[in-house]
Amino acid sequence: MDTVRALPEVFDLVVVGAGHAGCEAASAAARLGLATLLVTSNLDRIGHMSCNPAIGGLAKGHMVREIDALGGRMGQWADAAGIQFRQLNQSKGPAVRSTRAQIDRAAYMRVVQAELFAQPDLWIVQDMATEVLAEHGRASGIRTRAGQTFASRAVLLTTGTFLSGLMHIGLMHFPGGRLGDAPAQGLSDSLRAHGFELGRLKTGTPPRLLKSSVDFSAMKPQYGDEPLQRFSFMDAAAPLPQVPCHLTYTNAATHEAIRAGFDRSPLFTGVIHGTGARYCPSVEDKVARFPDKERHQVFIEPEGLDSPEVYPNGIATSLPLDIQKRLLATIPGLARAVIARPGYAIEYDFAPPTQLLPTLESKPLPGLFLAGQINGTSGYEEAAAQGLWAALNAFCSLRGLPPFLPRRDQAYMAVLVDDLVTLGTKEPYRMFTSRAEHRLLLREGNADARLTPFGRRLGLVDDARQARFIDKMRRLDALLAACRGTIIRPDAPTRDILARIGAAVPGKAVSLAALLRQHQLSMESLTPLLPAIADESPEVLREAETQIRYESYLEREAERVSHSRDVQDTPLPPDMAYSGIPGLTREAVEKLTRARPATLGQAGRISGITPAAVCCLEIALRKRARLAQTTTESARDH
């Protein structure tokens, strides 16, 4: 008989919200040994995918791999529930190739819930947080709508779109966190009472359609990759059956139907006040902003193997329901489509993230951490990355350890957090590979080399993952050494082999690594010259091929990072009086005082802070250091 676990009188960490940020955070905190409470408004919706049934994509797949490399869970959950896997940008360089998976929503929730409910040191309750409590200037727990009080040493809010959520379908609007769920009321007022500034953002989703009403024969099928490119570095269970998506397009008739609804669009009539996502606009926004574009893609994505619904990705809308029906009827394959759930927009409160430290702990209220859409981001992957980041830093803070703060050249999630806390955002932030200045170093294939040592030091990487990581690194090093040490000469037998594999014959003896730089060759094609290649895993072959083929670029990028790191990592004192620094403009003083950057590198990334201003800061730091040294020497002399 299972032992009944009583709720602790004081938790180490209370996590509010069980979306992607909250699930990742609660799992990590509990596995690290923190007594963790997960509070959610609906136990049945833990791990629910509120928008599209997919995980990964451009730059997002990188973050899922990083989460997995640290010992997080999203990658393994997605692998267990994936029903189509594709690697995007295969024709481009390795830095921008990203994995994306279609997910069975119901299977994903089952996997997440089964793990969380079985996790030691994790308690889960259904209730709605309405107030963040504080004692002695620190977060000390939460109070709920049902009148419960949960004391804790730290609090993490992962409220998603629920914070004072307001939903819009045409000119109708009503409270909601998402369709079918109530919003979080009261928590916004609590945050304001603690000194937080709040803003308003907006996102949207397309109508869900009955699969039986869709004519797939009028669309182009899109299949996944074979073999599957999965997210986790660990061995995965056998995949679920794989299914295709289908591609169709809007057209002139669709756009005309959409324009006919502009006068009843909450987006264009001023009903919606929140700022929407620039890079994931509604279909009416696309039609209005790009009037010359003749068509827009619509991907019909399965919601699950047994789901009666499909998700028409590309036509998110808050237009009236009658307009939604009209526009669907004009799209090939959707002439008879039946709407099971209408498309809608939702606006919600967020806390501008410049109010956070790089650990995602809040400045107004120490001990309170924020992660996910409350910080102004969009996307499951951005949320999960922040949830893990915040949980790791809450653990470090409670255990008296140095904070978890990888650099921008070490992780996409570091780029994400640094952008948020340094630059802030006025619209839903979405990760792109272009946001990472060192993206050649931040590939999917080397996420484990970059981050698994962090996870191991913190205790989130278990022995099995560590052993697998060490074995992979050993095999990778051995293969690289073999390729660099194997010399081939253009003799007759070798020329025959080169002709068979389609390689140009070198004019002199060269290493196998040098031969691999011929763009038409792959690592596998060199097997006749190095039989050991046949024994290696695809992930080792791909990473070795990348390191050899891009060796000079990787070395140059590493040198650039090394040269700039001293200046970038120079700490700025938290009590720095910017108003007294000569040469700084009033604008610079205001922005630096408000943002309180932790380093010179962060200061330089603040919008409006010029290189000249950074130079002024460097000079001020040198003067401050000299003054401290003089004071110390004077005290010693006396």
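Predicted model, so just to flag it, every value in this text is computed and none were measured.
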Chemist: Between T99 and E444, do the side chains contain a donor N or O and an acceptor N or O under 3.5 Å apart?
Modeler: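 Short answer, yes.
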Chemist: In plain terms, say whether R468 and D235 are close enough for a salt bridge, that is, a side-chain N and a carboxylate O under 4.0 Å apart.
Modeler: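 So R468 pairs with D235 through a salt bridge.
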Chemist: Report yes or no: do Q222 and H246 form a side-chain donor-acceptor pair below 3.5 Å?
Modeler: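 Per modelled atom types, Q222 and H246 side chains form no pair under 3.5 Å.
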Chemist: Does the distance from a Lys or Arg side-chain N to an Asp or Glu carboxylate O, for E303 and K211, drop under 4.0 Å?
Modeler: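 A salt bridge is absent here (no side-chain N lies under 4.0 Å from a carboxylate O).
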Chemist: Do you see a donor-acceptor pair shorter than 3.5 Å between the side chains of T377 and Q386?
Modeler: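 Per modelled atom types, T377 and Q386 side chains form a pair under 3.5 Å.
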Chemist: Could you list the residues that satisfy side-chain contact (heavy atoms from CB on, under 4.5 Å) with A558, not counting sequence neighbours?
Modeler: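 With neighbours one apart ignored, the set is empty.
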Chemist: Under 3.5 Å, is there a donor on one side chain and an acceptor on the other for R100 and Q102?
Modeler: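 R100 vs Q102: donor-acceptor pair found between side chains.
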Chemist: Closer than 4.0 angstrom, basic N to acidic O: yes or no for R542 and E524?
Modeler: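 Counted as a salt bridge, because a side-chain N and a carboxylate O are separated by less than 4.0 Å.
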Chemist: Does this structure show an ion pair linking D471 with R475, if we count only N-O contacts that are shorter than 4.0 Å?
Modeler: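 The answer is yes: the pair qualifies as a salt bridge.
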Chemist: Over all heavy atoms of both residues, which pair between C396 and P402 is shortest? Give the atoms and the distance, please.
Modeler: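 The answer is SG-O, 3.3 Å.
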Chemist: Does R399 CZ have over 12 foreign heavy atoms under 6.0 Å away?
Modeler: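 Yes, CZ of R399 has more than 12 neighbouring heavy atoms, counting only those of other groups under 6.0 Å.
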Chemist: Salt bridge check: are E551 and R484 linked by an N-O gap of less than 4.0 Å?
Modeler: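 Yes, this pair counts.
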Chemist: Mark yes when over 12 heavy atoms from residues, nucleotides or ligands other than F432 sit less than 6.0 Å from its CZ; otherwise mark no.
Modeler: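 For F432, atom CZ is crowded (more than 12 foreign heavy atoms under 6.0 Å).
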Chemist: Regarding Q87 and D225, is there a side-chain donor-to-acceptor distance under 3.5 Å anywhere?
Modeler: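 No donor-acceptor contact under 3.5 Å links the two side chains.
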Chemist: For A467, what residues pass the side-chain contact (heavy atoms from CB on, under 4.5 Å) criterion, not counting sequence neighbours?
Modeler: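 None.
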Chemist: Can R556 and E559 be counted as an ion pair, charged N to O under 4.0 angstrom?
Modeler: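 Looking at E559 together with R556, the answer is no, because their closest N to O distance does not fall below 4.0 Å.
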Chemist: Looking at R489 and D491, is any side-chain nitrogen of the basic one under 4.0 Å from a carboxylate oxygen of the acidic one?
Modeler: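 Judged by the 4.0 Å cut-off on N to carboxylate O distance, D491 and R489 do not form a salt bridge.
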Chemist: Could you check whether F454 and F404 have their ring centres less than 6.0 Å apart?
Modeler: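 Yes, ring centres under 6.0 Å apart.
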Chemist: Between E382 and R430, is there a side-chain N and carboxylate O pair less than 4.0 Å apart?
Modeler: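 Judged by the 4.0 Å cut-off on N to carboxylate O distance, E382 and R430 do not form a salt bridge.
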Chemist: Could you check whether S217 and D215, counting side-chain N and O atoms only, form a donor-acceptor pair closer than 3.5 Å?
Modeler: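 Short answer, yes.
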Chemist: Between H20 and Y108, how do the two ring planes meet: parallel, tilted or perpendicular, split at 30° and 60°?
Modeler: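 Rings of H20 and Y108: tilted, as their planes differ by 30° to 60°.
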Chemist: Which pair of non-hydrogen atoms, one from R73 and one from I67, has the smallest distance, and what is that distance?
Modeler: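 Nearest pair, atom of R73 first, then I67: N-CG2, 3.9 Å.
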Chemist: Does the distance from a Lys or Arg side-chain N to an Asp or Glu carboxylate O, for R208 and E309, drop under 4.0 Å?
Modeler: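 Result for this pair is no, no salt bridge flagged.
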Chemist: Is a side-chain donor-acceptor pair under 3.5 Å present for N393 with E361?
Modeler: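 The answer is no; no qualifying pair exists.
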Chemist: Ion pair present between R407 and D418, side-chain N to carboxylate O less than 4.0 angstrom?
Modeler: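 Result for this pair is no, no salt bridge flagged.
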Chemist: Could you tell me whether R230 sits above the aromatic face of F85, with NZ or CZ closer than 6.0 angstrom to the six-membered ring centre and within 45 degrees of the axis?
Modeler: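 Satisfied, under 6.0 Å and within 45°.
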Chemist: Report the residues that fulfil side chain to side chain donor-acceptor pair (under 3.5 Å) with T203, sequence neighbours left out, ordered by chain and then residue number.
Modeler: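 None.
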Chemist: With distance as the sole test, does E301 use its side chain to make a donor-acceptor pair with the main-chain N or O of C245 at under 3.5 Å?
Modeler: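 No: the side chain of E301 does not pair with the backbone of C245.
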Chemist: When you look at CZ of R517, are more than 12 heavy atoms from neighbouring residues, nucleotides or ligands closer to it than 6.0 Å?
Modeler: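 More than 12 heavy atoms, drawn from other residues, nucleotides or ligands, come within 6.0 Å of this atom.
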Chemist: Does Y553 OH have over 12 foreign heavy atoms under 6.0 Å away?
Modeler: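 Result for OH/Y553: open.
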Chemist: To check you understand the geometry: which heavy-atom pair defines the closest contact between T433 and A59, and what is its length?
Modeler: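 Distance-wise, the nearest heavy atoms are N-CB, 3.5 Å.
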Chemist: Taking all non-hydrogen atoms of both residues, which atom of V112 and which atom of G47 are closest, and how far apart?
Modeler: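 Looking at all heavy atoms of both residues, the shortest contact is CG1-CA, 4.2 Å.
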Chemist: Test the R435-Y429 pair against the cation-pi criterion, namely NZ or CZ under 6.0 angstrom from the six-membered ring centroid and within 45° of the ring axis.
Modeler: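 Yes, R435 and Y429 form such a contact.
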Chemist: Would you call R465 and D68 a salt bridge, taking side-chain N to carboxylate O under 4.0 Å as the test?
Modeler: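 Judged by the 4.0 Å cut-off on N to carboxylate O distance, R465 and D68 do form a salt bridge.
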Chemist: Answer yes or no: does atom CD of E294 have more than 12 heavy-atom neighbours from other residues, nucleotides or ligands under 6.0 Å?
Modeler: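 Open: at most 12 neighbouring heavy atoms sit under 6.0 Å from CD of E294.
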Chemist: Between R456 and D463 (salt bridge meaning N to carboxylate O under 4.0 Å), is one present in this structure?
Modeler: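 A salt bridge is present here (some side-chain N lies under 4.0 Å from a carboxylate O).
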